[in-house]
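Note sheet for the following structure.
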2 protein chains.
Amino acid sequence: MSAEAVKALEAVDDVAHAYAGDVFHTPHYGQLEALHGCVIGVGADGDIKLLVYSSRAVWGEADDEDDARATPGKLSEAERAAVLRALEEAGVLTTLPKGDRLFPGFIDTHVHAPQWPALGKRLHLPLNEWLQSSTFPAEARFRDAAYARTVCRDLVRTLLQHGTTTTLYFNSIHLEAGQVLVQECLRAGQRAFVGKVSMDNKEENPPFYCEETAQGLRDVETFLEWTRKTAADARPHAKRDTPPLVEPVVTPRFLPSCTDEMLTGLGKIAAKHGCMVQSHASEGDWEVAYGAARFGETDAVVFDRFGLMRAPAVMAHSVFLTDDDLKLYAARGTGIAHCPLSNFFFADASMLSRKAHEAGVSVGLGTDIAAGPSPSIWEACRHSIVASRALTSGVHPFKHGEERKTHGASISHFEAVYMATMGGAKALGIADHVGCFAVGRAFDAQLVRVAHAPGTDSPVVIWDDIDDTGDVFAKTVLGADDRCVEAVWVQGRLVKGDAARFGDAAIDPTHGITVAVRGDGGSGYDSGASAGPRKGRSSSSSGGGGGRGG
Amino acid sequence: MSAEAVKALEAVDDVAHAYAGDVFHTPHYGQLEALHGCVIGVGADGDIKLLVYSSRAVWGEADDEDDARATPGKLSEAERAAVLRALEEAGVLTTLPKGDRLFPGFIDTHVHAPQWPALGKRLHLPLNEWLQSSTFPAEARFRDAAYARTVCRDLVRTLLQHGTTTTLYFNSIHLEAGQVLVQECLRAGQRAFVGKVSMDNKEENPPFYCEETAQGLRDVETFLEWTRKTAADARPHAKRDTPPLVEPVVTPRFLPSCTDEMLTGLGKIAAKHGCMVQSHASEGDWEVAYGAARFGETDAVVFDRFGLMRAPAVMAHSVFLTDDDLKLYAARGTGIAHCPLSNFFFADASMLSRKAHEAGVSVGLGTDIAAGPSPSIWEACRHSIVASRALTSGVHPFKHGEERKTHGASISHFEAVYMATMGGAKALGIADHVGCFAVGRAFDAQLVRVAHAPGTDSPVVIWDDIDDTGDVFAKTVLGADDRCVEAVWVQGRLVKGDAARFGDAAIDPTHGITVAVRGDGGSGYDSGASAGPRKGRSSSSSGGGGGRGG
Ligand SMILES: [Zn+2]
Ligand SMILES: [Zn+2]
């Protein structure tokens, strides 16, 4: 018996739930690793304790390192059968439906929570009119915490439904609404980074949506301390050794909305508390010109001067970067939230995501709700491909040949899914913890179901006689939506899907969350009312399999 | 009582079904007309006999002609109540659910039926590899008519599910598969224009997918005559005076795939039979260069020389048009199938749709299945907006200001929906018959349902306290998918949706179609087996109303 098999068998005791099925993930840029006959065992803490598989195929850019890059865990059929038997005997094995695939949960690196009700409206207006008539009024309404709760609850739920297990949020300027968003993420079980937005520059912000500098800075620190304590306390006993589910983020909206005093103060707070930073940088012509006029430098240099280019920090858009800017991002470990759909509406150009990656900068995908009118990272994957092809070929038919093109800008579905998972994880500084499947990482996953015969309403149809595994992945990435997301787990907890089939955690939207895992019989997960412990182990479906749920 | 009201009351006797609800349509470029309290009465022939409403709002480009442009039928409340009463007494009134909106059915001006199983795959490959490994093999399989039937049935069903009531199809080179597609459109009740593809140039086509010139020309004529007869005969008695649901189209694939002899022969057939033409023109760098090398002219000039620039004719893509080409399109009445998503993958640039419209050329939207990886014209609307914004702002961040931009290329959701309805109808030469709602036009419609409260799985959520009617339209166009399409009618016949609520026609996918309309008690619609007459009038739900179906 191989060392891998011995290790896997030893890990069985630590497994609270195990899932047997096929896996798609992209641990390396430009490359799909498809694991066939995979078994993933998840501990009570939500981390992966065991991962084995029977065969592996690689699609996309292949190179000599392929074997070195293989996810560990390849077993012989006899060894894998022994592991399955042990898990079955422990009563923790769920066989995933044939044809379904586990993907890593998606990471959305740029969402404006208060803009959620404005999704899809007034995008035909010029940027400033859109901001004044739709965006700022929507954000200002978050002064009403009850309203903020309604919006945040629906947004977090929607993102989870689409397979987004981690989100980096801009909230509004309001302290209380920020606390509400943190609570709602904890409640629904989404991994999240939440920023109370800072904007104090009376020259650039509307009077109805602008804060006083000193109070704004105090609110940031209050928010930061409150969030850290609340998120740490919210962990159930079994997960005390895992990172808190929610982290606070220092969030100057963008340079124009902040005074130098605010930027200075925020830089100090970030350093003092070792806190993540986010903002918008180099998005469009107006912003670039504004920065040049006020500071005489690019956004990156200015942020750096104020101590806001950190690791991790995420600068949304970052479309108009100079080569020196890119070097600064790479040197500081600052990542980019690439929002391709939003770019088409408001950025005046498309971000060169491959170039940024090749410069050593971490690039994640963002929906940029509501400047991007879709909450789906599946959509963001597609738009990142579209944007890259627009960059490569150019778009202006009246320009000829080389004058129109940018060679080497194209990405495919391989790079898109990498950005949606590993790239985002790197930008957020959690790449050792989420982004792909391996022993020691958190089980942040989505189970994706597509149709394997025509005649259904699935947006993805596989014709099994002509489609190979690479085609299944391509068709899924090019076509899937929330209907294909059959189940979602964050840190091992089921947050979407049929608890009886896929796990024994359940969310009751009215009464808060209950979880029951091995050795931790049903502690309430958050500070809200708990519906009490559920049956736990006995309700997990073992060896389920079976057809489509419809 | 106004003349409008008298006319409406007189028309009540001709109405087989009437629908009361709100309407969105775009009879004029760049302008939404929202009709509130609308009542549309549809005759047994599927044409609109009566259209009245209580108020009207216009969104988008407004001008002094607004009143002149108003859809006729505005009544006082008392007059409208009298019309409603008369329809209720006749037992033909269905009140549509509150919050739902009728849109015109969408028109997809470019679909390759045999590529349907290949949707979403191998788009990362260079064009030629994609053609050889995915597209041509998929099309060649249509030599098997039984396989073709499986594919066509699923495709036609899917397009109807997405609200596409009319499609212009490229089929394969096979005569029999062409007949199969015609039958499947008739069977499912989709309005369609179907082309048997012509490709005989041994130098450019693969040996496994190329026809002999003489046989190919004979097949085109056989297909054309067979389709006309079959479609004419398929009309039920009540619809004998309406245009046949399906029309044949002369379809050279594109210039490279045809010999001069084939092009000459097809031009003669089109003239002899007065038949519509379609092809691809000026799509990408390779094609433009090929045409220049072989003919020394642009595609448009070459097609015209062969008698293939007709009215109606539809040239897909038409991205790289000279100003003279545009004038030729306008002069000949030839339209463009604008396929924005496909353009991003294979056209080397984006089509300037506003410029073409302003040059007097009819522009419809196309999905270009499978070079465009989505079957949805809702998606095509969004991609047409995205493409136009890429053109306006440019995409290359390393180019500065004016060097990057094309002023005036942008379109919004108003122009997008116009192209998806009226624009496509004009390109297909059926703009007097479909594309918007008015007395005398066919009732080709989709009932669109969005959520009016958070907490559902609808991709469109209206927040009634902050969204106005224009916002509802924008959010719907920016977000809707097939889930929002609650019911679909073509020539008055319900082809998607709950027959008990929205009409009394029904499709049984196994046993063919039955229809029952006033004065025509249940004749079988197509040549397939009929499940027999249904109850007709008595099963129509009168004054239904009521909440969301979920
Ligand atoms: Zn943003
Ligand atoms: Zn095409």
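Naming: A, B, ... by sequence-line order, numbering from 1 per chain.
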Do [Y] and [X] meet the salt-bridge criterion of a basic N to acidic O distance under 4.0 Å?
| X | Y | result |
| --- | --- | --- |
| B:Arg157 | A:Asp457 | yes |
| A:Asp468 | B:Lys121 | no |
| B:Asp348 | A:Arg389 | no |

So A:His383 and B:His383, would you call those rings parallel, tilted or perpendicular, with 30° and 60° as cut-offs?
->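 Because their plane-to-plane angle lies in the 30° to 60° range, the rings of A:His383 and B:His383 count as tilted.
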Between B:Tyr147 and A:Trp463, how do the two ring planes meet: parallel, tilted or perpendicular, split at 30° and 60°?
-> perpendicular
When rounded to the nearest 0.5 angstrom, what is the spacing between [atom1] in [X] and [atom2] in [Y]?
| X | Y | atom1 | atom2 | result |
| --- | --- | --- | --- | --- |
| A:Leu119 | B:Lys475 | CG | NZ | 7.0 Å |
| A:Phe346 | B:Ser393 | CZ | OG | 11.5 Å |
| B:Asp482 | A:Asp481 | CG | CG | 7.5 Å |
| B:Phe320 | A:Lys399 | CZ | NZ | 12.5 Å |
| A:Ser412 | B:Leu123 | OG | CG | 10.5 Å |

Under a 4.5 Å cutoff for heavy-atom pairs, which residue among [options] has the most contacts with chain A?
| options | result |
| --- | --- |
| B:Ala390, B:Ala387, B:Ser410, B:Ala409 | B:Ala390 |
| B:Ser350, B:Pro459, B:Ala474 | B:Ser350 |
| B:Val472, B:Ile411, B:Thr406, B:Val288 | B:Thr406 |
| B:Thr158, B:Asp467, B:Val461 | B:Asp467 |

Counting only non-hydrogen atoms closer than 4.5 Å, does [X] touch chain B with its backbone (N, CA, C, O), its side chain (CB onward), both, or neither?
| X | value |
| --- | --- |
| A:Arg382 | neither |
| A:His413 | side chain |
| A:Leu341 | side chain |
| A:Asp465 | side chain |
| A:Glu415 | neither |

Considering only heavy atoms, which portion of [X] lies under 4.5 Å from any heavy atom of chain A: side chain, backbone, both, or neither?
| X | answer |
| --- | --- |
| B:Ile385 | side chain |
| B:Val151 | both |
| B:Arg404 | both |
| B:Ala118 | backbone |

Could you walk me through whether A:Asp285 and B:Lys405 pass the salt bridge (charged side-chain N to carboxylate O under 4.0 Å, His left out) check?
-> CA-CA 11 Å; A:Asp285 290 332; B:Lys405 299 179 193 297; 2.6 Å; yes
Heavy-atom pair count under 4.5 Å with chain B, highest-scoring of A:Met351, A:Gln161, A:Arg483 |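 Looking at each of A:Met351, A:Gln161, A:Arg483 in turn, A:Arg483 comes out on top.
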If you count heavy-atom pairs under 4.5 Å between each of A:Asp471, A:Thr476, A:Val460, A:Leu478 and chain B, which one has the most?
->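 When all of A:Asp471, A:Thr476, A:Val460, A:Leu478 are compared, A:Asp471 has the most.
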Min side-chain heavy-atom separation B:Pro397-A:Leu352 under 4.5 Å | yes
Please examine the side chains of A:Ile466 and B:Pro117, heavy atoms only from C-beta on, and report whether any two atoms are closer than 4.5 Å.
-> yes
Go through the structure and list residues passing ring-ring contact (aromatic ring centres under 6.0 Å, His included) with B:Tyr29, not counting sequence neighbours.
->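 Partners of B:Tyr29 under the ring-ring contact (aromatic ring centres under 6.0 Å, His included) test: B:His357, B:Tyr418.
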Set of residues satisfying ring-ring contact (aromatic ring centres under 6.0 Å, His included) with respect to B:His396, sequence neighbours excluded | B:Phe398
What's the shortest heavy-atom distance between B:Ala349 and A:Val395, and which atoms?
-> CB-O, 3.5 Å
Quick one: closest heavy-atom pair of B:Gly455 and A:Asp154, and the distance?
-> N-OD1, 2.8 Å
